[in-house]
Amino acid sequence: DQVAAGLENGEIQLWSALPDNQNPIQTFFAKKDDRVLDLAFSQDSRLLFSGHGSGAVVQWDLQPQGVPQTSKPTMVSKTEAGFPVYAIALVGSRETDLAIAGVRNRLALLNLKTNQLRNISVDEGSQADYILSIATADRKRTLLATANNRGRIQLWNLQPCLGSTAACELLDRWTADPQAIHSVALSADGCYLASGGEGGKTMLWPLTPKGDRSAQGAQGQQLNRSSRSINA
């Protein structure tokens, strides 16, 4: 029962989810002053992945064998993506790959067994264009959603390209808002996509079994409107 927090100074903190804890359980870093932009736990909570402003993607073992539980997590691997990494998500039914996204609308898959990085972007932009959030469905981990600072959302089927040289399938893409979309989330079964962004709108998008927008919900349903930006 832990929560991970990434800080601008490069630190990663692990906190107990139990009440009345005033200090983090662990504090560690890959490199000082390398801003942590996103974190992702493996489903068994054994591994933690961190994406950094330098472009580094680091895999941490939180429970290394033969090491006292009070010891700091062990760095398993470090990969250079070649661009600032704003968002990461484990994909595949066996979490075989890590989806990585960031500056220039770059979207890539990192094979965790071979450590090979494969670019799957379809509309790369300038240095001012970047993907801010990606998400997968708990029970449909080959469905991936992305959102960028231009208000565009994409839905991907990763089934054809995981463990293969085949192309990934872009299921749908649309401009959901004239302002930045800061966060997307998929329901566990992949039937709904939620989004929130700079304009303060929280939207719900019904999806088909295939993973694209349903005809009835193509315009989405506004759940809430705030005077402040929705960041997560």
Minimal non-hydrogen separation, [X] against [Y], with atom names:
X    : Y    : value
Y130 : V103 : CB-CA, 3.6 Å
S214 : T208 : CA-CG2, 3.6 Å
N23  : W15  : C-CZ3, 3.5 Å
A99  : I134 : O-CD1, 3.5 Å
T136 : T142 : OG1-N, 4.4 Å
S50  : W60  : OG-NE1, 3.1 Å

Could you check if a side-chain atom of [X] sits within less than 4.5 angstrom of a side-chain atom of [Y], using non-hydrogen atoms only?
X    : Y    : answer
L144 : L107 : yes
N149 : Y86  : no
H52  : K78  : no
L7   : V36  : no
H182 : S229 : yes
L14  : P24  : no
N105 : F83  : no
L109 : C168 : yes

| request: Could you give me the CA-CA distance, side-chain angles and deciding distance for L158 and I120, then say whether side-chain contact (heavy atoms from CB on, under 4.5 Å) is met? | output: CA-CA 10 Å; L158 303 180; I120 63 170; 4.2 Å; yes

Hphob cluster co-occupancy, [X] + [Y], side-chain heavy atoms under 4.5 angstrom:
X    : Y    : result
L132 : I181 : no
L207 : L204 : no
L112 : L162 : no
I100 : L47  : yes
V76  : F29  : no

Using only atom types and a distance under 3.5 Å, with no angle test, would you say the side chain of [X] pairs donor to acceptor with the backbone of [Y]?
X    : Y    : answer
K140 : S187 : no
E95  : Q43  : yes
D38  : V85  : no
T175 : G151 : no
K72  : T27  : yes
R141 : L90  : yes
R118 : T165 : yes

Tell me whether [X] at atom [atom1] has more than 12 heavy atoms from other residues, nucleotides or ligands lying less than 6.0 Å away.
X    : atom1 : result
D1   : CG    : no
E80  : CD    : yes
E124 : CD    : yes
Y192 : OH    : no
R228 : CZ    : no

| message | Using side-chain contact (heavy atoms from CB on, under 4.5 Å), reason through Q221 and M203 one step at a time and then give a plain yes or no. | response | CA-CA 6 Å; Q221 176 188 351; M203 299 290 295; 5.8 Å; no

| request: Taking only Lys NZ, Arg NE, NH1 and NH2, and the carboxylate oxygens of Asp or Glu, determine whether R46 and D61 approach each other closer than 4.0 Å. | output: yes

| Taking atom types as modelled, is there a side-chain donor on T146 or W156 under 3.5 Å from an acceptor on the other? |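 Checked: T146/W156 side chains show no N/O donor-acceptor pair below 3.5 Å.
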
Using 0.5 Å steps for rounding, measure from the [atom1] atom of [X] to the [atom2] atom of [Y].
X    : Y    : atom1 : atom2 : value
R106 : S121 : CZ    : OG    : 5.5 Å
T79  : L110 : OG1   : CG    : 4.5 Å
E198 : N231 : CD    : CG    : 7.5 Å
W174 : Q219 : CH2   : CD    : 10.5 Å
L98  : N111 : CG    : CG    : 10.5 Å
D33  : E8   : CG    : CD    : 10.5 Å

| Working for side-chain contact (heavy atoms from CB on, under 4.5 Å), residues Q154 and I131 | CA-CA 10 Å; Q154 294 182 346; I131 294 173; 5.5 Å; no

| query | Should L193 and V184 be marked as a side-chain contact (heavy atoms from CB on, under 4.5 Å) after you check the CA-CA gap, both sets of side-chain angles, and the distance that decides it? | reply | CA-CA 7 Å; L193 172 71; V184 285; 4.0 Å; yes

